[in-house]
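One structure below.
Numbers here simply count residues along the sequence, with the first being 1.
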Amino acid sequence: MNAFNHRRIIIGDIHGYYKGLMTLLDAIAPTSTDEVYFLGDLIDRGPESAQVVEFVIHHKYKCLLGNHEQILLNVLAEIDDPSPMVQTWLCTGGQATVASYKQAIIPYEHVEWFANLPTYLDLGDIWLVHAGVDPTIALAKQTSEQFCWVRNEFHSIQKAFFPDKLIITGHTITFTMPGVKPGQLAQGRGWLDIDTGAYHPRSGWLTGLDINNSMVYQVNVFKNITRILPLSEAIAIVNPDDINQVHQSKGIGASTSRQK
């Protein structure tokens with residue numbers, strides 16, 4: 001198979017690991033003819049959220065709204081009593097984000113950019129979204145609540161949501177699904193999850209996917225290891241019935257489980 005000169009590069013949840021992102025992009029080496037997309041969750045948990053956001057804005061890369069960007073926007077929009085929401089955000093990685101900005105002030109330009117991020121991108125044969133879709137709700141009625149937060153009901157679908165599009169997501173760390181090892185991508189019925197848990201001590205892998213050439217680029221942000229794999233060697237297939245069994249055993253039923 002001939003390689004495509006024009007590539008579509010999709011990058012999973014970065015969570016403030018700017019140096020890891022730079023190493024990943026060095027390995028990918030995107031050119032001016034390539035398209036680069038980010039699936040959201042640029043911020044929180046890692047030490048360099050401000051640098052990640054500034055880099056993506058500066059290069060005018062397309063980026064989706066992630067649940068962590070949405071949490072930040074919700075915090076800033078809460079006027080009456082923001083303290084409970086602020087504490088929740090700080091405890092789920094927001095403290096590292098604040099610390100990454102000079103004088104702990106997030107500039108208006110960044111906030112405005114977050115507020116205008118799309119919740120999904122339709123690229124024809126692939127459909128990019130941060131978390132997924134809720135198959136029980138008509139697509140036109142879904143909002144950022146589903147696109148940024150959905151988990152179980154999406155991952156356990158028995159039939160592809162789109163007959164002619166692959167849904168590519170981040171949000172749920174792949175190794176939290178049954179049969180998936182740290183660093184592996186997870187594939188279900190009509191979807192592919194590339195959030196390999198860059199911030200998580202069990203993983204550290206940050207993933208970039210060249211979907212046109214079916215190649216996976218990864219860097220471990222803790223060990224500074226880079227690897228390039230064919231997509232077929234990087235994927236673990238997820239059985240939707242296994243997803244349901246895991247959630248039932250844990251007593252988890254909500255589609256928008258807010259654990260990350």
Side-chain angles (χ1 to χ4, degrees), residues 11-25 38-59 61 63-117 119 130-131 144-145 147-151 169-176 182 193-207 219-224 252 254 256-260:
I11 297 177
D13 306 30
I14 300 164
H15 282 296
Y17 281 93
Y18 174 76
K19 292 184 180 66
L21 174 61
M22 294 301 100
T23 302
L24 181 66
L25 290 175
F38 291 82
L39 294 178
D41 278 9
L42 303 183
I43 64 172
D44 293 352
R45 302 193 186 280
E48 301 153 327
S49 290
Q51 294 93 318
V52 173
V53 175
E54 186 61 34
F55 175 83
V56 175
I57 292 175
H58 176 75
H59 287 272
Y61 289 135
C63 181
L64 297 176
L65 180 71
N67 62 302
H68 280 259
E69 287 84 22
Q70 186 186 52
I71 293 171
L72 173 57
L73 291 172
N74 290 345
V75 167
L76 296 175
E78 186 61 57
I79 298 174
D80 295 335
D81 184 15
S83 54
M85 192 177 296
V86 169
Q87 288 304 315
T88 299
W89 175 55
L90 292 176
C91 291
T92 55
Q95 188 169 358
T97 296
V98 173
S100 71
Y101 282 92
K102 293 181 180 180
Q103 300 178 333
I105 298 174
I106 302 175
Y108 173 77
E109 291 78 11
H110 284 199
V111 175
E112 184 179 36
W113 185 76
F114 292 146
N116 286 284
L117 290 175
T119 51
H130 179 66
S144 60
E145 184 67 17
F147 298 141
C148 292
W149 288 98
V150 72
R151 294 189 194 274
T169 76
H171 184 55
T172 300
I173 296 177
T174 54
F175 74 72
T176 63
D193 184 345
I194 69 169
D195 178 10
T196 43
Y199 78 88
H200 200 288
R202 278 191 59 195
S203 177
W205 290 105
L206 174 62
T207 294
V219 60
N220 192 294
V221 303
F222 302 132
K223 300 177 181 179
N224 198 29
I252 300 172
T256 54
S257 176
R258 299 192 172 218
Q259 299 174 354
K260 173 175 172 284

D193 side-chain N/O to T174 backbone N/O, donor-acceptor pair under 3.5 Å: no
Residues forming a side-chain contact (heavy atoms from CB on, under 4.5 Å) with S100, sequence neighbours excluded: S49, A50, Q51
CA sep, side-chain torsions, deciding dist, call: L21, I11, side chain to side chain contact (heavy atoms under 4.5 Å, CB included): CA-CA 9 Å; L21 174 61; I11 297 177; 4.2 Å; yes
Separation of D41 CG from L65 CG (nearest 0.5 Å): 9.0 Å
Results of side-chain contact (heavy atoms from CB on, under 4.5 Å) for H59 - residues two or more places apart only: F55, Y61
Which atom of S203 lies closest to which atom of G197, heavy atoms considered: CB-O, 3.4 Å
Main-chain N/O of H15 paired to D44 side chain as donor or acceptor, under 3.5 Å: no
All side-chain contact (heavy atoms from CB on, under 4.5 Å) counterparts of Q103, not counting sequence neighbours: I105
CA sep, side-chain torsions, deciding dist, call: W89, V98, side chain to side chain contact (heavy atoms under 4.5 Å, CB included): CA-CA 11 Å; W89 175 55; V98 173; 3.6 Å; yes
Pair D195-T172, side chain to side chain contact (heavy atoms under 4.5 Å, CB included): steps then yes or no: CA-CA 6 Å; D195 178 10; T172 300; 5.9 Å; no
Contacts of S144 that satisfy side chain to side chain donor-acceptor pair (under 3.5 Å) - sequence neighbours left out: Q70
Closest non-hydrogen atom pair, G12 against L39: CA-CD1, 4.4 Å
Under the ring pair (Phe, Tyr, Trp, His ring centres under 6.0 Å) test, residues paired with Y18 that sit two or more places apart: none
With E69 via salt bridge (charged side-chain N to carboxylate O under 4.0 Å, His left out) - residues at least two apart: none
Pairwise side-chain contact, F114 with I43, heavy-atom cut-off 4.5 Å (strictly under): yes
Distance (rounded to the nearest 0.5 Å) between H171 NE2 and D13 CG: 8.5 Å
Distance-minimising heavy-atom pair for P47 and Y17: CD-CE2, 3.7 Å
Set of side chain to side chain donor-acceptor pair (under 3.5 Å) partners for H110, sequence neighbours left out: E54, Y101
Heavy-atom closest contact (F222 atom, P201 atom, distance): CE1-CA, 4.0 Å
Heavy-atom closest contact (L64 atom, L117 atom, distance): O-CD1, 3.7 Å
With sequence neighbours excluded, residues passing side chain to side chain donor-acceptor pair (under 3.5 Å) with T207: T196, Q218
Euclidean distance, L76 CG relative to M85 CE, rounded to 0.5 Å: 10.5 Å
Test log, rule side chain to side chain contact (heavy atoms under 4.5 Å, CB included), inputs I14 and L206: CA-CA 7 Å; I14 300 164; L206 174 62; 4.0 Å; yes
Distance, nearest 0.5 Å, that separates NE2 of H68 from OG1 of T92: 5.5 Å
Set of side-chain contact (heavy atoms from CB on, under 4.5 Å) partners for K223, sequence neighbours left out: N220, I225
Distance-minimising heavy-atom pair for A131 and C148: CB-C, 3.4 Å
